[in-house]
Amino acid sequence: MTTAPVAPGALVADRDRLRALLDQFAGLSEPVSGPGVTRLAYTHLEREAHAVFAAHMEELGAAVRTDAAGNTLAELPGTDRSAPAIGTGSHLDSVPDGGRFDGIVGVVAAMETARLVTEHAAAHRHPLRFVVFAAEEGARFGQACTGSRIAAGLTGPADLPGKRDADGVSLAEAMTGVGLDPARVGDARWDHADWAAFVELHIEQGAVLESTGRRVGVVDAISGSTRLRIDLEGRASHSGGTPMHLRADAAAAAAEIVLLAESVGLRAAAWGTRATVGRIDVAPGSMTTIAGGASLWVDVRGLDLDRQQRAAAEIVESAAAACARRGVRCTATPLAETPPVPLPAVVRDTLVATCHDLGLEPTVLPSGASHDAQQVNEVTPAGMLFIPSRDGISHDPAEDTDLDDVALGTTVLAASLLRLDGELP
Ligand code: GLV
Ligand code: MN
Ligand code: MN
């Protein structure tokens with residue numbers, strides 16, 4: 001096919017096509033999940049969503065493949081067969097009862113970009129590679145960004161049997177269950193010589209853009225996370241028969257730990273550190289039995305690794321002290337650790353310049369959430385574009401982003417990829 005150069009902004013995303021894709025993915029959800037979307041990492045529903053992406057991209061003439069980690073890659077060749085690829089994409093898994101935009105926006109934007117490039121026969125020298133990463137959410141296995149970590153060589157076959165979900169299913173078992181071969185994930189590792197740059201479009205999952213009235217953000221750093229589970233062993237006993245002073249109440253200890261984590265987070269907040277206990281399981285879970293056991297999942301995020309690790313250590317120390325006072329045994333198990341990542345100026349400057357080309361003033365801001373781009377940056381320079389999240393809400397069914405902003409973000413993404421194509425060797 002003959003291709004032609006396109007002017008900045010000539011590829012204008014179609015909001016109705018984007019809406020149709022968002023609706024299609026939102027329909028792929030566990031039926032009993034509640035009002036939100038539940039499409040967890042390494043489940044058949046996640047694979048079904050990847051298949052929708054693959055079929056769409058094949059229809060556009062892209063060469064599509066799935067790697068051993070379950071990442072799906074679709075490629076449109078450039079005019080220079082020896083040039084490295086410029087990539088974009090995000091993820092299609094969700095948290096339990098989550099929203100319909102987190103990750104999905106970056107995938108539908110990639111699909112729409114591929115459609116615009118092919119429909120306009122837009123010339124590009126580098127191959128354009130559209131990627132859906134598997135298992136980005138850490139909600140199931142504790143570790144975020146499993147597919148992109150495997151691509152970046154940060155997670156290998158030996159790491160997969162040890163990470164388990166709340167039902168005891170390991171990452172390796174879940175992968176096998178959806179037809180992947182965890183022993184072969186080394187084959188999914190990306191070669192940096194094969195890549196020129198990567199850009200991920202995502203919802204902000206915070207309220208900075210909305211509160212400043214800006215419609216596009218350019219990310220300069222992505223927060224890291226230190227995650228752990230704290231298991232408590234108290235003494236289960238009759239809630240009426242056991243006097244208050246003779247208890248070893250695991251639920252009361254858990255409650256105290258939640259507040260300790262909050263106070264550590266509040267103290268460390270000035271350095272961009274945030275501490276959350278997002279899940280507590282209490283056993284035996286009976287109204288008339290003092291809790292004999294409890295587990296807490298703790299997520300500490302930071303833009304400064306030292307502060308992030310110190311805050312996590314402080315939570316563990318203060319939890320141990322509170323438990324000792326209560327006669328409750330306390331064990332902390334590390335689940336995952338990712339350092340914060342500054343994103344390189346080489347891509348960021350192009351994203352800002354593209355916004356200016358399109359008459360937009362972006363806000364440059366850090367990301368509090370984790371993203372696949374953080375892992376990809378190990379292999380090739382990565383950048384991120386944000387679009388606003390209504391009321392800053394995410395990981396919740398109320399997650400919402402104006403369709404005009406999804407379309408605008410996609411237009412900026414497409415123009416950014418073509419601008420990078422002109423700038424990069
Ligand atoms: C990914 O969504 C995260 O938890 O940051
Ligand atoms: Mn996401
Ligand atoms: Mn998420």
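In what follows, residues are counted from 1 in the order of the sequence shown. Start at 1 and go down the list; that is how both ligands and their atoms are numbered.
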Practice item. Go through the side-chain N and O atoms of Glu337 and Thr226 and say whether any donor and acceptor fall under 3.5 Å apart. Key: yes

Check your understanding: What part of Gln374, side chain, backbone, both or neither, has a heavy atom within less than 4.0 angstrom of ligand 1?
Key -> neither

Any side-chain to backbone donor/acceptor pair from [X] onto [Y]? Under 3.5 Å, distance only.
X      : Y      : answer
Ser211 : Val208 : yes
Asp396 : Gly98  : no
Thr43  : Arg39  : no
Asp80  : His126 : no
Asp421 : Arg125 : yes

Review point. Among the heavy atoms of His371, does any lie under 4.0 Å from an atom of ligand 1?
Key: no

Practice item. Output, by chain and residue number, all protein N/O/S atoms separated from the Mn ion (ligand 2) by less than 2.8 Å. Key: His91 NE2, Asp102 OD1, His202 NE2

Practice item. Identify the protein heavy atom lying closest to atom 1 (C) of ligand 1, giving its residue, its atom name and the separation to 0.1 Å. Key: Glu137 OE1, 3.4 Å

Practice item. With atom 5 (O) of ligand 1 as the reference point, say which of Arg227, Arg301, Glu136, His202 has the nearest heavy atom. Key: Arg301

Practice item. Using a strict 4.0 Å cut-off to heavy atoms of Ala369, name the atoms of ligand 1 that fall inside it. Key: 5 (O)

Exercise for review: Within a distance under 4.0 Å of any heavy atom of Ser370, pick out the atoms of ligand 1 and give their elements.
Suggested key: 1 (C), 3 (C), 5 (O)

Exercise for review: Kindly indicate whether a cation-pi arrangement holds for Arg129 with Trp190, taking the cut-offs as under 6.0 Å to the six-membered ring centre and within 45° of the axis.
Suggested key: no

Exercise for review: Identify the residue among Leu21, Val132, Leu116 that makes a side-chain contact (heavy atoms from CB on, under 4.5 Å) with Met111.
Suggested key: Leu21

Practice item. Go through the steps for Glu399 and Gln205 under the test side chain to side chain donor-acceptor pair (under 3.5 Å), then give the verdict. Key: CA-CA 8 Å; Glu399 183 177 279; Gln205 307 180 282; 4.8 Å; no

